[in-house]
Amino acid sequence: MRLDHQRFWPILGIAILASSSPALAGGDKMSLSFTNHVTPGTDGTPFKNCTSTGAYKSSGTQIQIQLKGLVGLTDTDGIICTDDDFICVTHTETNGVLFTGPSTVIFRAEVKKGQLKVKHDLCAENAATCLPIPLSSVALDAKCFGPDPDFDETNGGTLTALGMTNPCDFIVPGAKLEPSSTEIARTGTTSGCPE
């Protein structure tokens, strides 16, 4: 069950939510790889280390997550915001003039032919992420999980979650939320792969 979220934001709330994007418009670029970290001693599935590939990329408020070569997954229904969606979350610790603390950005994703893709421009989808206030985000991590129909994306923040274009994608300040479903992959590296 998902909670309704507010559409009106006071200026303080807007400033807080702006801090939750990993990099603001006009900010830094970042690229990270993915690994299967939850199955030590094995190469894992559906994200199979040394075979599957994954990348998190951001440029300002533009964020992309892509996992390729996922093993043993059937295609989802192709309709966003349904119970078979996979869930990717990013966490950051932010330091800014008006807000310091954790935040979570939550994306729903479909799987097709062993691939999962997320692509958002937080600035274009909600003006609250576009304030010209310098902010520093550190300790970024991104994780992708299997479907979790009971995951409440709006729960746990200091303010009601800020919606994006998809009605089930949110920015949640003051929280580090994760679904209870199985983790597929997270940002990190893999070594020891055969040549």
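Reckoned from all heavy atoms, side chains included, excluding hydrogens, waters and symmetry mates.
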For this session: Using side-chain contact (heavy atoms from CB on, under 4.5 Å) as the criterion, list what pairs up with A109, not counting sequence neighbours.
Result: L116, V118
Problem set entry | Nearest-0.5 Å distance, CD1 of residue I63 to SG of residue C88 | 11.0 Å
Exercise. What residues form a side-chain contact (heavy atoms from CB on, under 4.5 Å) with S181, not counting sequence neighbours?
Worked result: F145, D148, P179
For this session: Check whether any side-chain heavy atom of V172 sits under 4.5 Å from a side-chain heavy atom of I106, and report yes or no.
Result: yes
Exercise. Between the main-chain N or O of I80 and the side-chain N or O of N166, is there a donor-acceptor pair closer than 3.5 Å?
Worked result: no
For this session: For the pair F34 and F47, name the ring-plane relationship: parallel under 30°, tilted 30 to 60°, perpendicular over 60°.
Result: tilted
For this session: Identify the heavy atoms of C50 and P194 that sit nearest to each other, and give their distance.
Result: SG-CD, 4.3 Å
Exercise. Measuring from F86:CZ to L70:CG, what's the distance to the nearest 0.5 Å?
Worked result: 7.5 Å
Exercise. Which is it for T35 and T189 under the side chain to side chain donor-acceptor pair (under 3.5 Å) test, yes or no, and what are the steps along the way?
Worked result: CA-CA 6 Å; T35 187; T189 59; over 6 Å; no
Exercise. Roughly how far apart are D84 CG and I79 CD1, rounded to 0.5 Å?
Worked result: 8.0 Å
Exercise. Are any non-hydrogen side-chain atoms of T76 and K112 less than 4.5 angstrom apart?
Worked result: no
Problem set entry | Set of side-chain contact (heavy atoms from CB on, under 4.5 Å) partners for K119, sequence neighbours left out | Q64
Problem set entry | Over all atoms of both residues, closest heavy-atom pair of N49 and N36 | OD1-N, 2.8 Å
Problem set entry | From OG1 (T45) to CD1 (I184), nearest 0.5 Å | 10.0 Å
For this session: Before giving the answer on side chain to side chain donor-acceptor pair (under 3.5 Å), spell out for E125 and H120 the whole-Å C-alpha distance, their side-chain angles and the decisive distance to 0.1 Å.
Result: CA-CA 8 Å; E125 295 182 35; H120 287 273; 2.7 Å; yes
For this session: Please test T187 against S33 for side-chain contact (heavy atoms from CB on, under 4.5 Å), starting from the C-alpha separation and ending with a verdict.
Result: CA-CA 6 Å; T187 48; S33 59; over 6 Å; no
Problem set entry | Smallest separation among heavy atoms of Y56 and A142, with atom names | CD1-CB, 4.0 Å
Problem set entry | Straight-line distance of D141 CG to E178 CD, nearest 0.5 Å | 7.0 Å
For this session: Report whether M30 and L67 are members of the same hydrophobic cluster (ILVMFWY, side-chain heavy atoms less than 4.5 Å apart, transitive linking).
Result: yes
For this session: Might you point out which heavy atoms bring G78 and E110 nearest each other, and give the distance in Å?
Result: N-OE1, 2.9 Å
For this session: Establish whether V105 and L140 are linked, either directly or via other cluster members, by ILVMFWY side-chain heavy-atom contacts under 4.5 Å.
Result: yes
For this session: Would you mind reporting whether K176 and E93 have side-chain heavy atoms less than 4.5 Å apart?
Result: yes
Seminar exercise, completed: So OG of S58 and CG of D121: to nearest 0.5 Å the spacing works out to 11.5 Å
Seminar exercise, completed: T104 and L177 have their tightest heavy-atom pair at OG1-N, 3.1 Å
Exercise. Are F107 and L73 grouped together when hydrophobic residues (ILVMFWY) are joined by side-chain heavy atoms under 4.5 angstrom apart?
Worked result: yes
